[in-house]
Amino acid sequence: MLSGDIPPNQTIYIKNLNEKVKKEELKRSLYALFSQYGRILDVVALKTDKLRGQAWVVFSEVTAASNAVRQMQSFPFYDKPMRIQYAKTKSDCVAKVDGTYAPREKKKKQEEKAAEKRRKAEDAHQAASAANGPAVQNNGVHAASRQGRTTQEAVPPNNILFIQNLPHETTSMMLQILFQQYPGFREVRMIDSKPGIAFVEFSDDVHSSVGMQALQGFKITPHNPMAIAYAKK
DNA sequence: AGCACA
């Protein structure tokens, strides 16, 4: 199917999302997954009856949105293939930047508001998500040495990767979504008593290397470029 | 299936 006759927009509209995922995790994962296509200005997701299972990701460039629509079409995200289109209208955060923003009328939106408020009482904290750039190049040395691993012990390639400097709210599902984009992915392992690190297993070290290069320095939140090394045997 | 942003 074509993108449904909707003209290109710097915001993409995603549906068929797994409705069991909590809103904040959903937004963080979408942010992490789509930031590979360009700078993201905002991610909007509501869990109201009408809007659950859908989200909007606002890019700073239309070209980034176009690439995301094409390349992430049907991407398995929390076990469901994403359905992606351009958004039908301009996002508020874009309108605010180009000066065309006008607060809209409030009709039956008051109930939605109330329902939202109740739900989000659980989630008090949220990652400041609008300032992330493309993943930085980071060879992992800094974070690695800070954690006590010295640079001179050269760790040989391994099919298992050792990830450090993750934000503590990272889940294994979030990492799976990122790493399963690369062939040979097998599984993510995290240890409850050791937040901030993870092991990601690939079928062999050729595939693990590709995944490492691709996601080295990738930021799940603006302050946590992930440091990826080969795990020690 | 479903196009919002408080």
Side-chain angles (χ1 to χ4, degrees), chain A residues 1-133 169 174 177 219-222:
Chain A
M1 159 182 126
L2 242 62
S3 60
D5 291 352
I6 303 158
N9 190 309
Q10 74 195 80
T11 301
I12 57 172
Y13 168 71
I14 309 166
K15 61 183 178 180
N16 198 40
L17 293 169
N18 189 325
E19 299 178 9
K20 285 177 294 212
V21 183
K22 294 240 271 301
K23 191 170 69 174
E24 286 311 320
E25 171 168 349
L26 180 70
K27 288 167 75 170
R28 268 193 282 267
S29 293
L30 287 170
Y31 186 89
L33 187 63
F34 281 100
S35 56
Q36 62 188 309
Y37 295 100
R39 175 169 255 100
I40 292 175
L41 303 180
D42 198 11
V43 177
V44 175
L46 288 299
K47 294 263 246 172
T48 58
D49 299 301
K50 193 174 172 217
L51 293 172
R52 64 182 69 249
Q54 301 152 78
W56 290 260
V57 175
V58 188
F59 289 98
S60 64
E61 304 285 344
V62 181
T63 52
S66 300
N67 289 332
V69 169
R70 275 186 273 106
Q71 296 178 39
M72 297 305 275
Q73 196 60 257
S74 304
F75 180 88
F77 188 69
Y78 294 98
D79 301 320
K80 297 187 70 179
M82 292 194 287
R83 303 301 177 206
I84 314 176
Q85 302 169 344
Y86 293 114
K88 286 180 179 161
T89 58
K90 185 189 284 186
S91 295
D92 282 359
C93 75
V94 173
K96 279 173 186 159
V97 165
D98 67 22
T100 61
Y101 177 71
R104 68 186 64 71
E105 309 307 319
K106 44 180 175 178
K107 322 189 232 181
K108 57 189 293 185
K109 290 194 172 165
Q110 301 298 56
E111 311 106 70
E112 297 177 11
K113 284 187 175 185
E116 266 311 299
K117 279 251 160 82
R118 262 174 262 129
R119 254 177 231 105
K120 78 197 247 187
E122 36 168 65
D123 265 298
H125 65 118
Q126 160 178 7
S129 60
N132 203 7
E169 64 268 29
M174 291 167 68
I177 287 161
K219 293 171 177 172
I220 288 182
T221 60

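The sequence lines fix the lettering, A, B, ..., with proteins before strands; numbering per chain opens at 1.
A donor and an acceptor atom never sit less than 3.5 Å apart when one is taken from the side chain of A/T48 and the other from the base of B/dA4.
Summarising the geometry, the separation between OH on A/Y13 and C1' on B/dC3 is reported as 5 Å, rounded to the nearest angstrom. Distance CG (A/L51) to C1' (B/dC3): 8 Å, rounded to an integer number of Å. Residue A/I12 contributes atom CD1, which lies 14 Å from atom C1' of B/dA4 at whole-angstrom precision. The CD-P distance, from A/Q10 to B/dC5, rounds to 18 Å in whole Å. Atom pair A/I14:CD1 and B/dA1:P shows a separation of 17 Å (rounding to whole Å applied). Between the CZ atom of A/R104 and the P atom of B/dC5 there is a distance of 6 Å, rounded to whole Å. Between A/Y101 atom OH and B/dA4 atom P the separation is 14 Å, expressed in whole Å. In this structure, A/Y86 atom OH and B/dA4 atom P are separated by 20 Å, rounded to whole Å.
Residues passing the side chain to side chain contact (heavy atoms under 4.5 Å, CB included) test with A/Q71 are A/Y37, A/N67, sequence neighbours excluded. Partners of A/Q36 by side chain to side chain contact (heavy atoms under 4.5 Å, CB included), not counting sequence neighbours, listed by chain and number: A/L33, A/M72, A/Q181, A/Y182.
The side chain of A/K50 contributes an N or O atom lying less than 4.0 Å from OP1 or OP2 of B/dA4.
In this structure, the nucleotide among B/dG2, B/dC5, B/dC3 sitting nearest to the side chain of A/W56 is B/dC3. Taking only side-chain atoms of A/K15, from C-beta outward, the nucleotide of B/dG2, B/dC3, B/dC5 with the closest atom is B/dG2. Of the candidate nucleotides B/dA4, B/dC5, B/dG2, B/dA4 has the atom nearest to the side chain of A/T11.
Other residues, nucleotides and ligands contribute more than 12 heavy atoms inside 6.0 Å of the CD atom of A/Q73.
For the residue pair A/R28 and A/T221, no side-chain donor N or O sits within less than 3.5 Å of a side-chain acceptor on the partner.
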